[in-house]
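Following: one structure in structure tokens, then a few remarks.
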Amino acid sequence: MINFAALYTQSQMGIESILEIKVKEAVAELFSTELPQVEFQPTRKDFEGDVTVVVFPMLRYVKGNPAQIGEQIGEYLKEKVDEVSGFNVIKGFLNLVIGNQFYTNQFDEIASSENYGIASKLSNEAVMVEYSSPNTNKPLHLGHVRNNLLGYSVAEILKAAGKKVYKTQIINDRGIHICKSMLAWKRFGNQETPETSGLKGDKLVGNYYVAFDKAYKKQIEDLVTQGVDKKMAEKEAPILLEAQEMLQKWEAGDEEVVSLWKTMNSWVYEGFAETYKNMGVDFDTLYYESDTYLLGKDVVADGLTRGVFFKKEDGSVWIDLTDEGLDEKIVLRSDGTAVYMTQDIGTAIQRVKDYPDVGGMVYTVGNEQDYHFKVLFLILKKLGYSWSSNLFHLSYGMVDLPSGKMKSREGTVVDADDLMNEMAQTAGEIAEELGKLEDYSEEQKLGLYHMIGLGALKYYILKVDPKKRILFNPEESVDFQGNTGPFIQYTYARIQSILRKAEEIGASGEGAAKITDLHPKEKELIKQLMLYPETIQLAAENYSPALIANYTYDLVKEFNSFYQQVSILGESDENQRFFRIQLSRKVGEVIESAFKLLGIGVPDRM
RNA sequence: GGUCGCGUAGCUCAGCUGGAUAGAGCAUCUGCCUUCUAAGCAGACGGUCGAAGGUUCGAAUCCUUCCGCGAUCACCA
């Protein structure tokens with residue numbers, strides 16, 4: 001005998017597992033056949049009912065008219081299952097009406113659980129989520145924003161689903177790109193610093209990256225007019241050669257170069273820190289390419305002796321992945337230096353050494369690197385690392401402008417700081433127009449505008465499936481109405497307003513007696529609340545914040561409809577009123593919780 | 001050219017482990033603020049789900065081919 005009471009506590013699945021057993025029982029009794037499984041779906045809004053049993057798949061086992069079969073099973077369920085209070089059959093769909101008591105019981109469970117939907121215990125095995133990983137020669141732009149929001153949110157979602165998580169990034173602090181900025185600064189900078197210029201450090205360094213490119217292009221042009229072949233000119237422009245020389249000096253540990261490198265990077269880090277803080281993202285641990293770029297060479301040497309890799313005549317080391325449908329891929333240059341792949345192999349292994357509980361990793365990197373990660377994961381698998389089967393490339397589509405790709409060198413980028421400021425400013429303009437915050441201090445207002453502006457931006461980016469590319473048109477501002485972050489924040493603020501008023505009139509809703517009547521909107525809201533835990537799981541399995549965003553939107557739409565149709569504080573029946581207050585409170589909590597997973601804050605007023 | 005991804009309303013997107021008449025938002029139009037915040041609610045308009053075949057009782061969803069867009073195929077990262 002099944003303990004139904006225990007099943008009740010397991011969210012939406014509870015009723016379905018009961019029904020599954022009972023439907024099978026019905027079919028066995030009525031048609032003397034055993035059914036391997038039963039297919040359920042939520043009943044469509046246009047029909048009466050809560051849960052629908054799809055009869056069609058049963059026709060393989062039970063011969064007959066689907067409508068009649070549905071009818072017979074419906075009768076049986078109504079008779080034998082307390083929760084089933086009614087049914088109707090339309091074509092091959094058996095729509096079951098589930099009684100109010102089931103939902104009020106569910107709500108009691110939800111209302112009494114702290115951090116509803118969020119895993120209370122974390123796994124022993126951890127997953128490391130890498131995101132951001134910028135170059136240190138220029139400021140962060142919209143592309144980084146998508147990366148940061150995705151990585152941060154996925155990390156939070158994994159935690160909520162019960163995974164221990166380390167957030168990390170690998171900072172690309174060395175290489176030709178930073179040397180270009182350094183060289184240009186030396187040449188044109190007049191010792192300018194963030195202090196003397198009043199510029200944010202990353203912006204200052206970025207300016208010199210652009211300055212380098214300008215000078216470089218000019219030199220190419222001059223060489224071409226002197227009759228030099230364009231390709232040759234691109235390779236031999238003096239300023240580029242000088243940058244390359246600088247990189248060599250850096251690798252050799254040249255004191256002056258290293259000192260300048262440290263100084264300029266520190267400016268950039270200060271700038272980044274400010275941007276991250278503004279964006280509301282953080283990291284548990286940092287890796288720097290200057291520490292890791294030599295890693296991996298030993299692993300390659302070891303793999304060579306074990307036959308995972310092979311050496312070509314010129315001394316370069318490769319892996320043959322043709323049996324996997326891929327190509328040969330280089331893992332060590334002929335001069336023995338590391339390539340990107342070498343470094344990534346080494347860094348992955350280093351991370352597990354540093355954090356022995358890491359059993360998997362998520363790399364938040366654009367889809368232009370799909371091939372690279374496919375190869376990286378295969379190599380780690382061939383090297384025999386147990387965790388190699390738990391590697392995931394969180395690949396996302398590029399953020400393009402109407403004019404095409406963003407290019408830092410050409411200045412066609414949407415700067416992250418500017419964008420966030422503009423969003424906050426727009427939020428402020430709308431709020432001023434509405435004028436609901438007269439008694440807020442200037443500081444409070446600015447904080448709120450930032451929260452709303454960022455909420456709009458984050459939601460706008462996160463609600464889209466990561467795989468899809470985003471076309472961002474700076475001319476058309478991000479919406480603040482409809483399916484947007486502010487819409488959801490607004491609903492939250494309304495709920496808080498109700499709760500404040502409830503408190504004032506001494507109706508916190510605590511200790512309410514059980515109600516038996518449910519308004520259809522209340523029932524829908526409870527159903528929607530019941531979906532939250534499985535939504536988190538689904539979002540974690542799919543590494544998709546978009547699922548959380550869509551869920552929250554549906555919940556909020558449902559609440560607004562309820563709010564419009566049903567009086568909460570004005571309800572005369574005390575139990576009914578208390579229940580509605582509790583329901584509103586819980587919806588607010590779930591909005592807050594879900595938005596936290598997206599890295600979006602919620603306001604008490606707006 | 002090979003490989004991978006995407007293609008759904010004028011625009012931005014859901015739906016994709018197959019199920020009922022394909023859903024939202026924006027835009028356009030119509031109602032609703034002396035009642036819990038109108039950044040809201042209710043409604044109208046709007047679709048050959050890129051195209052064609054196939055599998056199935058049933059396809060936006062799965063398979064094949066084609067078209068369009070993007071990415072990638074470096075001793076760059």
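Lettering of chains follows the sequences in order, A, B, ..., and the numbering in each one begins at 1.
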Which donor-acceptor pairs under 3.5 Å do the side chains of residues 563-572 of chain A make with protein atoms, sequence neighbours left out?
{"residue": "A:Ser567", "atom": "OG", "partner": "A:Gly570", "partner atom": "N", "Å": "3.2"}
{"residue": "A:Glu571", "atom": "OE1", "partner": "A:Arg580", "partner atom": "NH1", "Å": "2.9"}
{"residue": "A:Glu571", "atom": "OE2", "partner": "A:Asp573", "partner atom": "N", "Å": "3.0"}

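- Taking CD1 of A:Ile319 as the start and CD1 of A:Ile345 as the end, the distance is 7.5 Å to the nearest 0.5 Å.
- For B:A60 and B:G1, the P atoms lie 30 Å apart once the distance is rounded to whole Å.
- Base orientation of B:C33: syn, since the glycosidic angle falls within 90° of 0.
- Comparing the same atom, P, in B:G15 and in B:G23 gives a spacing of 15 Å after rounding to whole Å.
- Between A:Tyr396 atom OH and B:A71 atom C1' there is a gap of 13 Å when expressed in whole angstrom units.
- Nearest-nucleotide positions on RNA chain B for A:Leu326 and A:Met606 put A:Leu326 closer to the 5' end.
- The separation of B:A9 from B:G18, taken at their P atoms, amounts to 24 Å, rounded to a whole angstrom.
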Summarise protein proximity over nucleotides 7-12 of chain B in one line of letters, 5' to 3': B for base, S for sugar-phosphate only, - for none, counting protein heavy atoms closer than 4.0 Å. S-----

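- Applying the salt bridge (Lys or Arg N to Asp or Glu O under 4.0 Å) criterion to A:Glu368, with sequence neighbours excluded, gives A:Lys405.
- When heavy atoms are screened at a 4.0 angstrom cut-off, A:Gln369 is found touching base atoms of the nucleic acid.
- If you check every strand for non-hydrogen atoms under 4.0 Å, A:Ile452 touches a base.
- Within 4.0 Å of A:Asp465, counting heavy atoms only, lie sugar-phosphate atoms of the nucleic acid but no base atom.
- Taking A:Tyr553 as the reference, A:Phe487 meet the ring pair (Phe, Tyr, Trp, His ring centres under 6.0 Å) condition, with sequence neighbours excluded.
- Centroid-to-centroid, the aromatic rings of A:Tyr209 and A:Phe212 stay 6.0 Å apart or farther.
- Residues from residues 136-148 of chain A lying near RNA chain B, meaning a heavy-atom separation below 4.0 Å, are absent.
- As judged by a 4.0 angstrom heavy-atom cut-off over every strand, A:Ala431 is placed among the base-contacting residues.
- For B:C41, one of the phosphate oxygens OP1 or OP2 lies less than 4.0 angstrom from a side-chain nitrogen or oxygen of A:Asn560.
- At the heavy-atom level, A:Asp604 lies under 4.0 Å from base atoms of the strands shown.
- With sequence neighbours left out, the salt bridge (Lys or Arg N to Asp or Glu O under 4.0 Å) criterion links A:Glu251 to A:Arg174.
- Applying the 6.0 Å contact sphere to NZ of A:Lys312 captures more than 12 heavy atoms from other residues, nucleotides or ligands.
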Please report, to 0.1 Å, the donor-acceptor pairs under 3.5 Å made by any side chain of residues 451-462 of chain A, with sequence neighbours excluded.
{"residue": "A:Lys458", "atom": "NZ", "partner": "A:Met279", "partner atom": "O", "Å": "2.6"}
{"residue": "A:Lys458", "atom": "NZ", "partner": "A:Gly599", "partner atom": "O", "Å": "2.6"}
{"residue": "A:Tyr459", "atom": "OH", "partner": "A:Asn483", "partner atom": "OD1", "Å": "2.6"}
{"residue": "A:Tyr459", "atom": "OH", "partner": "A:Ala549", "partner atom": "O", "Å": "3.3"}

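- Rounded to whole Å, the P atom of B:G58 lies 43 Å from the corresponding atom of B:G40.
- At a threshold of 4.0 angstrom between heavy atoms, the contacts of A:Val566 include nucleobase atoms, whether or not backbone atoms are also involved.
- In summary, the side chains of A:Tyr551 and A:Glu534 do not present any donor paired with an acceptor at a separation below 3.5 Å, with no hydrogens or angles considered.
- For A:Lys436, taking side-chain heavy atoms from C-beta onward, the closest of the listed nucleotides B:A39, B:G15, B:A77 is B:A39.
- Counted by atom type alone, A:Asn367 and A:Arg469 present zero donor-acceptor pairs between their side chains at under 3.5 Å.
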Pairs of donor and acceptor atoms involving the side chains of residues 369-377 of chain A, under 3.5 Å and at least two apart or interchain, shall be tabulated with distances.
{"residue": "A:Gln369", "atom": "OE1", "partner": "A:Tyr340", "partner atom": "OH", "Å": "2.7"}
{"residue": "A:Asp370", "atom": "OD1", "partner": "A:Ser395", "partner atom": "OG", "Å": "2.8"}
{"residue": "A:His372", "atom": "NE2", "partner": "A:Asp344", "partner atom": "OD2", "Å": "2.8"}

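- Across all strands, A:Leu569 comes closer than 4.0 Å to base atoms (heavy-atom distances).
- Partners of A:Glu422 according to the salt bridge (Lys or Arg N to Asp or Glu O under 4.0 Å) rule, which considers only residues two or more places apart in sequence or in another chain, do not exist here.
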Watson-Crick or G-U pairs under 3.5 Å in RNA chain B, rendered as dot-bracket with [ ] for crossing pairs and | for another strand: (((((((..((((.....[...)))).(((((.......))))).....(((((..]....))))))))))))....

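- For the P atom pair drawn from B:A14 and B:U72, the interatomic distance equals 23 Å after rounding to whole Å.
- Between A:Tyr288 and A:Trp261, the ring center distance fails the sub-6.0 Å criterion.
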Along nucleotides 19-27 of chain B, 5' to 3', which nucleotides get a B, which get an S, and which get a -, given that the test is a protein heavy-atom distance under 4.0 Å? BBB-SSSS-

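- Legend: side-chain hydrogen bond (donor to acceptor under 3.5 Å, both in side chains) pairs involving residues 36-49 of chain A, not counting sequence neighbours, sorted by first then second residue: A:Thr43-A:Thr52.
- When the C1' atom is used for both B:C16 and B:C49, the distance is 11 Å, rounded to whole Å.
- If you take atom C1' in B:A51 and the same atom in B:C32, they sit 45 Å apart, rounded to whole Å.
- Of the candidate nucleotides B:C41, B:G5, B:A77, B:C41 has the atom lying nearest to any side-chain atom of A:Phe487.
- Nearer to the 5' terminus of RNA chain B, by closest-nucleotide assignment, is the contact made by A:Phe480 (compared with the other of A:Phe480 and A:Ser561).
- Between B:U28 and B:A22, the two C1' atoms lie 22 Å apart (nearest whole Å).
- Side-chain contact check for A:Ser290 and A:Asp173: at least one donor-acceptor pair (N or O, by modelled atom type) lies under 3.5 Å.
- With B:G40, B:A39, B:A71 as the candidates, the nucleotide lying closest to the side chain of A:Ile430 is B:A39.
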